[in-house]
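First the proteins, then the strands, lettered A, B, ... as listed; each starts at 1.
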Amino acid sequence: MVRVRIAPSPTGDPHVGTAYIALFNYVFAKKNNGQFVLRIEDTDRTRSKPEWEHMIIDAMKWLGLSWDEGPDIGGPHGPYRQSERGAIYAEHAELLLEKGGAYRCFCTEERLAGVREEQRKAKVAMPGYDGFCRKLTPADVKAKLADKIPFVVRLVVPDAGVTMVKDKLRGEVSFENAQVDDQVLLKSDGMPTYHLANVVDDHLMEITHVIRAEEWITSTPKHVLLYKAFGWAEPEWIHMPLLRNADKSKISKRKNPVSLNYYRESGYLPRAMLNYLGMMGWTMPDAREKFSLEEMIPAFGFDRISLGGPVFDIQKLTWLNGLYIREQSADDLAASISRDLLSPAALEAMTPLIRERVNKLEDVVDHLVYFFAGDVAYSADARAALVPKGKSAKDAANMLAELLEIVDGLAKIEAADIEAKMKALCDKLGWKTKEFFMPVRVAVTGRTATPPLHETMAVMGKERCRRRLRAAIAVLKSQG
RNA sequence: GGCCCCAUCGUCUAGCGGUCUAGGACGUCGGCCUCUCACGCCGAAAACACGGGUUCGAGUCCCGUUGGGGUCACCA
């Protein structure tokens with residue numbers, strides 16, 4: 001039985017790269033009458049948030065990639081949230097300690113930083129943990145444990161030899177063990193790192209094929225070593241090429257919209273997104289470019305994967321989406337417009353904001369534009385208002401960039417919350433409120449006159465706000 | 001920088017030694033259709049990174065160079 005999984009980390013917006021890898025896992029599972037598991041990797045206590053998890057699950061459902069087991073529906077291998085599996089990891093770390101596959105490390109952050117610094121200065125070829133605590137005697141360990149000195153558990157990596165990773169797409173990739181660090185397996189807060197949790201869970205959940213992004217390939221030897229230390233059989237390793245920005249670097253929010261919500265709210269259709277992602281690195285045997293998930297499944301095979309990292313080209317995605325939009329009947333299109341864009345709920349949220357500004361019903365249209373539109377045009381007046389008197393375009397761009405950073409970190413914009421955060425930012429920068437809010441208003445709406453900003457932003461939604469902040473920053477930068 | 005991966009038009013790609021004077025798609029440009037725009041249709045420009053091998057024959061196999069990317073956390 002083929003069993004695969006997608007294991008997103010709920011530390012930010014649902015990512016297009018997650019959808020990409022999920023798609024190939026899903027299709028491979030379906031092709032082989034296998035099962036697809038959703039597992040939430042929330043072992044980073046400081047960055048993981050339940051809101052992000054909800055958004056990821058919601059986005060995956062929007063795409064239509066359904067899973068057979070997951071935190072929302074349960075299953076025989078649960079729990080599917082790593083934060084709820086602490087005892088399992090502790091137990092396995094202990095097992096590894098007994099088998100000699102791991103050791104306790106009592107080094108402080110400071111010592112580690114010092115070691116790193118020295119290695120940096122000495123230009124050591126392979127910086128990494130220096131193995132200090134590996135030399136501790138059982139008596140040393142016992143004493144430190146008794147003194148309640150905090151510790152982490154590290155993987156024992158052999159000093160010599162080679163670890164081979166058999167990748168389905170790349171063949172045998174070998175790594176000198178000397179190049180592999182004694183990775184931390186269990187953090188001092190008792191939570192596992194990705195490496196431990198991933199291996200333990202994949203084994204316990206009976207995952208047969210690990211289909212993940214190429215960025216993981218260099219840590220795979222650690223995983224292979226872990227399987228060996230536990231005495232478990234390895235899954236098949238399949239490292240997919242990475243989605244890229246136009247400059248070929250790994251796709252990132254700085255250079256591309258990467259949130260699935262951006263595409264969802266812009267009105268890209270899930271089937272268009274899936275189709276486009278399906279042609280990133282893979283082609284239909286008959287060379288068709290337009291194909292459905294159902295058509296992809298029987299045709300799929302890893303033999304048609306190409307390994308060059310594909311550039312995520314929104315223009316081509318948009319063309320494809322247009323094909324799907326136009327093939328709907330006018331009735332169906334009208335229905336999706338009133339359901340997904342001009343919905344009663346959206347209108348109800350906007351109405352209180354624009355009511356005072358309206359004398360005739362038709363007046364609403366002018367105000368509705370910036371709530372519903374994608375990008376807004378910045379007129380000459382608007383451009384002028386983007387830069388407050390006494391400030392430079394650069395100042396304004398920097399200010400908006402800081403605001404963008406704040407918006408990025410929010411799962412959802414709430415009026416009171418964003419108002420407080422903007423006031424705080426304004427104070428921090430030492431700007432007058434007038435100087436601060438007008439550029440933001442113009443950036444986000446393209447207008448110099450709008451309903452109260454924080455409410456407008458909340459109703460407009462995070463995706464619209466951030467894309468326009470980005471656009472305004474770009475305008476300011478081009479002005480020098 | 002060490003290690004690892006990758007390498008056909010600007011971009012996504014076809015090509016699995018001869019059928020390649022390299023095919024398709026997006027984008028770009030030109031034209032047709034047309035009240036405008038869009039859609040649609042037709043056409044054009046546009047690529048095998050470089051150097052060595054192997055072979056009767058290399059875009060296709062091997063090696064090197066160059067280039068790009070990834071990774072070197074108590075993040076995933």
Numerically ordered, the residues 270-281 of chain A set in heavy-atom contact under 4.0 Å with RNA chain B is A/Met279, A/Met280, A/Gly281

Would you mind telling me which residue lines up with the more 5' stretch of RNA chain B, A/Pro8 or A/Ile217, judged by nearest nucleotide? A/Ile217

With a 3.5 Å cut-off and heavy atoms only, can you find an N or O donor on one side and an acceptor on the other between the side chain of A/Arg326 and the base of B/C39? no

Look at all strands and tell whether A/Gln315 reaches a base, only sugar-phosphate, or nothing, counting heavy atoms closer than 4.0 Å. sugar-phosphate

Parallel, tilted or perpendicular: rings of A/Tyr194 and A/His223 (30°, 60°): tilted

With a 4.0 Å cut-off on heavy atoms, is A/Arg154 in touch with a base, just the backbone sugar-phosphate, or nothing at all? sugar-phosphate

Quick check on B/C75: is either OP1 or OP2 less than 4.0 Å from any side-chain nitrogen or oxygen of A/Thr11? no

What interatomic distance, in whole Å, is found between C1' of B/C48 and the corresponding atom of B/A58? 11 Å

For A/Asp247, salt bridge (Lys or Arg N to Asp or Glu O under 4.0 Å) partners two or more places apart: A/Lys255

Could you check whether the side chain of A/Thr193 and the base of B/C74 have a donor-acceptor pair of N or O atoms closer than 3.5 Å, going by distance alone? no

Would you say A/Thr283 reaches B/A14's phosphate, i.e. side-chain N/O to OP1/OP2 under 4.0 Å? yes

When we call it a touch if two heavy atoms are under 4.0 Å apart, what does A/Thr218 touch: a base, just sugar-phosphate, or nothing? base

According to a strict under-4.0 Å criterion, is A/Lys187 in side-chain N/O contact with OP1 or OP2 of B/A73? no

